[in-house]
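Just below is one structure, and these are the notes that go with it.
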Number of protein chains: 2
Amino acid sequence: MTRAGTQAGPGRSARDTALIADTSHPSRREQILQAAAQLFAERGARAVGVDDIGAAVGVTGPAIYRHFASKDAMLAEMLVGISERLADGARERIAEAGPEPAAQLRALIDFQVEFALDNPALIVVHDRDLPSLPGADAAAVRRLQRRYVEEWVAVLARLHHGDDAAACRARAHAVFGLINSTPHSAGRLGRPAMGELLRRMAWSAATG
Amino acid sequence: MTRAGTQAGPGRSARDTALIADTSHPSRREQILQAAAQLFAERGARAVGVDDIGAAVGVTGPAIYRHFASKDAMLAEMLVGISERLADGARERIAEAGPEPAAQLRALIDFQVEFALDNPALIVVHDRDLPSLPGADAAAVRRLQRRYVEEWVAVLARLHHGDDAAACRARAHAVFGLINSTPHSAGRLGRPAMGELLRRMAWSAATG
DNA sequence: CCAGCAGGTTAACCGTCGTTCACCGCCGGG
DNA sequence: CCCGGCGGTGAACGACGGTTAACCTGCTGG
């Protein structure tokens with residue numbers, strides 16, 4: 001199992017993997033990041049050793065340091081990456097959705113559901129292992145998170161124009177919690193059904 | 001072991017009035033457990049040392065071992081305790097709510113909201129630090145969790161009698177996620193308003 | 001009044017783990 | 001054909017943190 005084996009040449013084996021195009025230029029660095037994310041999600045970042053991460057991609061522990069400055073740097077890159085994708089994605093989706101707050105909310109929900117179903121491991125790491133980041137990186141992540149939340153708050157505030165900002169913020173966090181429950185109810189339901197269920201529940205929660 | 005109920009009469013020891021002014025007079029054991037829960041919630045169980053825990057109640061690190069066999073045992077007791085309170089509480093509330101599934105669901109939601117608002121720290125530790133428990137304890141906790149979830153699933157299944165068990169389970173987890181978002185939107189909104197908001201959102205999500 | 005024990009203290013031990021070091025095989029370009 | 005550097009290896013190091021040991025103290029019950 002540890003024998004990850006020969007990865008063939010570049011541009012060779014793309015025929016059978018139509019829908020996983022993004023995971024197919026594996027560039028060691030990204031392999032490591034992905035394997036690490038998986039392990040972090042399962043056991044928690046501090047419980048995973050660099051040897052474990054190395055083993056997961058078929059190398060020894062210290063080989064990691066050819067690609068990352070430190071384990072913390074790895075975690076930082078992971079968390080900042082997620083947070084950026086979320087914050088940027090939300091901005092885009094809102095812009096594409098037009099001026100109606102209802103349409104914008106629907107776009108945000110679709111986006112978050114999609115993300116949660118695609119990246120359950122990252123979701124877990126995202127709010128479990130933030131406190132184990134060095135202060136500076138943690139601050140950066142929190143800034144991005146805040147930006148993302150405020151995106152939601154702005155939309156929610158226009159829908160429920162009686163509510164104050166604190167209520168909208170609580171509402172947003174509640175919807176995140178709802179959608180990000182995917183890692184807990186893993187697998188049983190098929191992905192399309194799960195997506196539909198979450199979208200409906202999130203919409204009811206956000207507007208009801 | 002030792003009930004330790006005897007609190008050494010009138011307290012006039014040097015500096016025991018550090019940060020435990022509000023709670024009545026819990027035993028050392030419980031003081032430690034509570035302080036540890038707080039620290040675990042803030043930084044993650046593996047990131048807090050026994051010295052930190054000791055310092056939080058005004059003693060040195062190794063003093064902990066007069067009350068607990070190990071740090072893991074402490075965490076285990078904490079998590080098993082939470083899980084038992086939830087599982088037992090749910091059973092009770094359902095029994096008190098009568099035969100109507102709608103009333104039962106409302107009772108479950110009230111209970112979970114109450115718990116989440118009362119124990120944000122425990123909520124966080126509960127699903128962040130489970131994987132850092134030794135296997136046996138982790139299994140016990142998961143059994144209790146499962147019992148709690150099944151309590152919800154049974155009620156939900158009677159409300160949505162078209163849905164299968166997997167869908168109901170996913171629904172239950174989603175509602176947990178929604179309600180357990182309290183630690184993320186800490187404090188801004190007053191407790192009664194927060195409770196009301198969460199109850200309404202949870203109800204909409206569960207039934208909508 | 002004395003024994004004993006619950007509960008603390010400091011110092012030391014020891015395993016784990018992140019990180020560094022010195023060395024090495026492979027591969028592509030002058 | 002050599003050569004540089006990229007990526008990998010095993011060994012070693014140092015810090016940190018859980019746990020234990022040895023010793024101390026002040027109630028409390030007989």
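So you know, we letter chains A, B, ... as the sequences are listed, proteins then strands, and number each from 1.
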Item checked: Per B:His67 side chain, nearest of listed nucleotides C:dT19, C:dG8, D:dG10 -> C:dG8

Next item on the list: Go through C:dG8, D:dG18, D:dG8 for me and flag the one nearest to the A:Ala63 side chain.
Entry: D:dG8

Margin query: Whether B:Arg199 and B:Glu196 form a salt bridge (side-chain N of Lys/Arg under 4.0 Å from carboxylate O of Asp/Glu) is what I want to check.
Written below: yes

Next item on the list: Report the residue (B:Val48 or A:Gly61) whose heavy-atom-nearest nucleotide on DNA chain D is the more 5′ of the two.
Entry: A:Gly61

Check: In whole Å, what is the span from the CZ atom of B:Phe40 to the C1' atom of D:dG18?
Finding: 12 Å

Check: What integer distance in Å separates B:Phe68:CZ from C:dG8:P?
Finding: 12 Å

Notebook entry, point to check: Could you give the CZ-to-P distance, from B:Arg46 to D:dG18, as a whole number of Å?
Noted result: 9 Å

Checklist line | Nucleotide C:dT19, atom P - distance to CE of A:Met74 in whole Å | finding: 10 Å

Next item on the list: Mind checking A:Val50 for me? I need base, sugar-phosphate or nothing, with any heavy atom below 4.0 Å counting as a touch.
Entry: base

Notebook entry, point to check: Can you tell which of D:dG8, D:dG10, D:dT20 lies closest to the side chain of A:Pro62?
Noted result: D:dG10

Margin query: Measure NZ/B:Lys71 against P/D:dT19 and give the value in whole Å, please.
Written below: 8 Å

Notebook entry, point to check: Atom CZ of B:Arg66 and atom P of D:dC27: how far apart are they, to the nearest Å?
Noted result: 18 Å

Margin query: Using OP1 and OP2 only, check whether a side-chain N or O of A:Thr60 sits under 4.0 Å from D:dG8.
Written below: no

Next item on the list: Please work out whether the ring planes of B:Trp152 and B:Phe176 are parallel, tilted or perpendicular, with thresholds of 30° and 60°.
Entry: perpendicular

Margin query: Please check: side-chain N/O of A:Asp164 versus main-chain N/O of A:Ala167, any donor-acceptor pairing under 3.5 Å?
Written below: yes

Notebook entry, point to check: B:His173 vs A:His184 aromatic rings, parallel, tilted or perpendicular, using cut-offs 30° and 60°?
Noted result: parallel

Check: Nearest-Å distance, OH (B:Tyr65) to C1' (D:dA22)?
Finding: 17 Å

Next item on the list: May I ask you to say whether B:Arg85 pairs ionically with B:Asp118, meaning some side-chain N is under 4.0 Å from a carboxylate O?
Entry: no

Item checked: Length of the CG-P vector between B:Leu75 and D:dT19, whole Å -> 12 Å

